[in-house]
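Note sheet for the following structure.
Owing to the predicted nature of the structure, the values given are computational and were not obtained by experimental measurement. Just so we're on the same page: letters track the sequence lines, and every chain starts at 1.
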Amino acid sequence: MPSNVGGCGKDPMPELPEVETTRRLLDPLVVARTVTGVEVPGRRVLRRHERPTDLPDRLEGRRIERTDRVGKFLLMGLEGDLTWVIHLGMSGRLTVVAHDAPETPHTTLEAAFEDGSALRFVDPRTFGWSAVWTPQEVAASPLARLGPDALEAPPDVEGFARRLEGRRAPIKSLLLDQTVIAGLGNIYADEALHRARISPRRPAGRISRRRLGLLLAAIEDVLDAALAAGGTSLDDMAYLLPDGRAGDYMTELRVYGRGGEPCLGCHQTLRSATIGGRTATWCPRCQR
DNA sequence: AACGATCCCTGTTGGC
DNA sequence: TGCCAACAGGGATCGT
């Protein structure tokens, strides 16, 4: 300790691979630990609770039995049938530190364990949040409305086609819609579309089965490769995993952040535009 | 219902 | 060089 389990460097942009990397590193450090105290320096982190006191009240004295992940949601199963949910938002990082470690700026939540360690949630842009929910609250939450997990339960071509049938929104927007498929964010959506040679603007319901098959395969490839690399670190400084590896999928990005640069396949200039309120980058020649 | 637009928030970046 | 507006992101919410 301290050991960084954020999995995502200075600019994490946590999508499914980064959250899963975080979960795997966190698991051995928190399972079987009992929470002895909770500090909440940033009230906003509790905004998903009607009563902000619910989280500390429910966490304190409770033992963590397992970790899990659905889409971009990190879950910790607690004794007493409660679920501790953490969403990293766009800048959230989790670290296990000694309880007396120096304070970290932008810490929004910290849970101390009985063994002297503590789980620290650091989130400068405060899009992240955390909650401890009963089964009923989970059932009424966004968790219950998530589409199939892009890594653990990817849809088959027929299932995917059914979900997209009749939809006129651009495929890029629907890849970001967590109720359609859970786990993709802007980086991996752009990367998967490029590999599948599909324009991000194409109306989702007008994509052939064959291309949807290619898209699902591309999603699997991109997520597997990112996971194997330990996620994407957009800052090449610092952040090493405990075993010394960096999250280095960034070096394999083919379109994300490369607008105006040449396509690695055909050398056409990559185009950037806003689609569904998000920046999309794609190759106008390879992707139609 | 589906879909686009707007807002939340702050560190970083790019233009002047 | 320094300042500041624009930008980035996931998701909730609102209007059409």
Side-chain angles (χ1 to χ4, degrees), chain A residues 6-20 22 41-50 69-74 85-94 104-109 121-131 133 137 140-147 149-150 162-192 200-206 226 231-239 247 249-250 253 255-261 272-281:
Chain A
C8 334
K10 197 173 174 187
D11 275 282
M13 311 288 183
E15 302 184 25
L16 189 155
E18 290 72 30
V19 178
E20 178 62 16
T22 296
R43 308 303 300 178
R44 186 173 138 83
V45 72
L46 300 182
R47 66 189 179 282
R48 306 286 312 199
H49 271 292
E50 274 181 46
R69 178 198 57 76
V70 186
K72 304 176 197 175
F73 295 79
L74 180 63
V85 185
I86 297 179
H87 196 292
L88 298 175
M90 70 173 290
S91 64
R93 276 171 291 157
L94 290 169
T104 308
H106 307 300
T107 297
T108 58
L109 178 71
F121 187 23
V122 178
D123 184 19
R125 297 184 195 179
T126 71
F127 278 30
W129 53 267
S130 185
W133 281 334
E137 288 168 336
S141 79
L143 280 175
R145 293 184 285 275
L146 289 177
D149 186 82
R162 237 176 288 122
R163 275 178 189 275
L164 301 180
E165 192 175 10
R167 303 294 297 266
R168 284 167 298 179
I171 182 64
K172 170 65 186 288
S173 298
L174 293 191
L175 288 181
L176 295 178
D177 182 341
Q178 303 298 300
T179 69
V180 171
I181 184 168
L184 297 179
N186 212 22
I187 297 176
Y188 298 114
D190 274 3
E191 294 298 316
R201 286 183 156 150
R202 165 140 296 199
R206 291 197 217 133
T232 298
S233 294
L234 292 182
D235 188 303
D236 59 355
M237 297 290 294
Y239 173 62
Y249 188 72
M250 187 192 180
L253 298 179
V255 286
Y256 183 83
R258 295 192 64 245
E261 296 178 33
S272 282
T274 298
I275 298 176
R278 289 284 172 280
T279 299
T281 304

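Under the 3.5 Å distance criterion, the side-chain polar atoms of A:Glu191 are matched with a main-chain donor or acceptor of A:Tyr256. Remark: side-chain polar atoms of A:Thr107 are not paired, donor with acceptor, to backbone N or O of A:Val122 under 3.5 angstrom.
Contact annotation for A:Gly277: no contact, since no heavy-atom pair falls under 4.0 Å across all strands.
Put simply, the side chain of A:Ile181 does not reach to within 4.5 Å of the side chain of A:Arg163, judged on heavy atoms. Side-chain contact between A:Leu88 and A:Lys72 is absent, with no heavy-atom pair separated by less than 4.5 Å.
Between A:His87 and A:Phe73, the ring-plane angle classifies as perpendicular under the 30° and 60° cut-offs.
For A:Ala204, the side-chain contact (heavy atoms from CB on, under 4.5 Å) test picks out A:Leu164, A:Arg167, A:Ile171, A:Leu174, with sequence neighbours left out.
Here the rule is side-chain hydrogen bond (donor to acceptor under 3.5 Å, both in side chains) with A:Ser272, and of A:Thr281, A:Thr279, A:Asp190 only A:Thr281 fits it.
In this structure, the CG atom of A:Leu88 is 17 Å from the C1' atom of B:dT10, given to the nearest Å. One can place CZ of A:Arg125 at 7 Å from C1' of B:dT12, the figure rounded to the nearest angstrom. Per the geometry, CG belonging to A:Asn186 stands 15 Å off P belonging to C:dC7, to the nearest Å.
Where A:Leu174 and A:Arg44 each meet DNA chain B at their nearest nucleotide, the meeting point lying more 5' is that of A:Leu174.
Taking every heavy atom of both residues into account, A:Gly92 and A:Pro14 meet most closely at O-CG, 4.1 Å.
OP1 and OP2 of B:dC9 both lie 4.0 Å or more from every side-chain N or O belonging to A:His106.
Within residues 163-171 of chain A, the residues that place at least one heavy atom under 4.0 Å from DNA chain B are, in residue-number order, A:Arg167, A:Arg168, A:Ala169, A:Pro170.
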Under a 4.0 Å heavy-atom criterion, the protein footprint on nucleotides 11-16 of chain C, written with B, S and -, is BS----
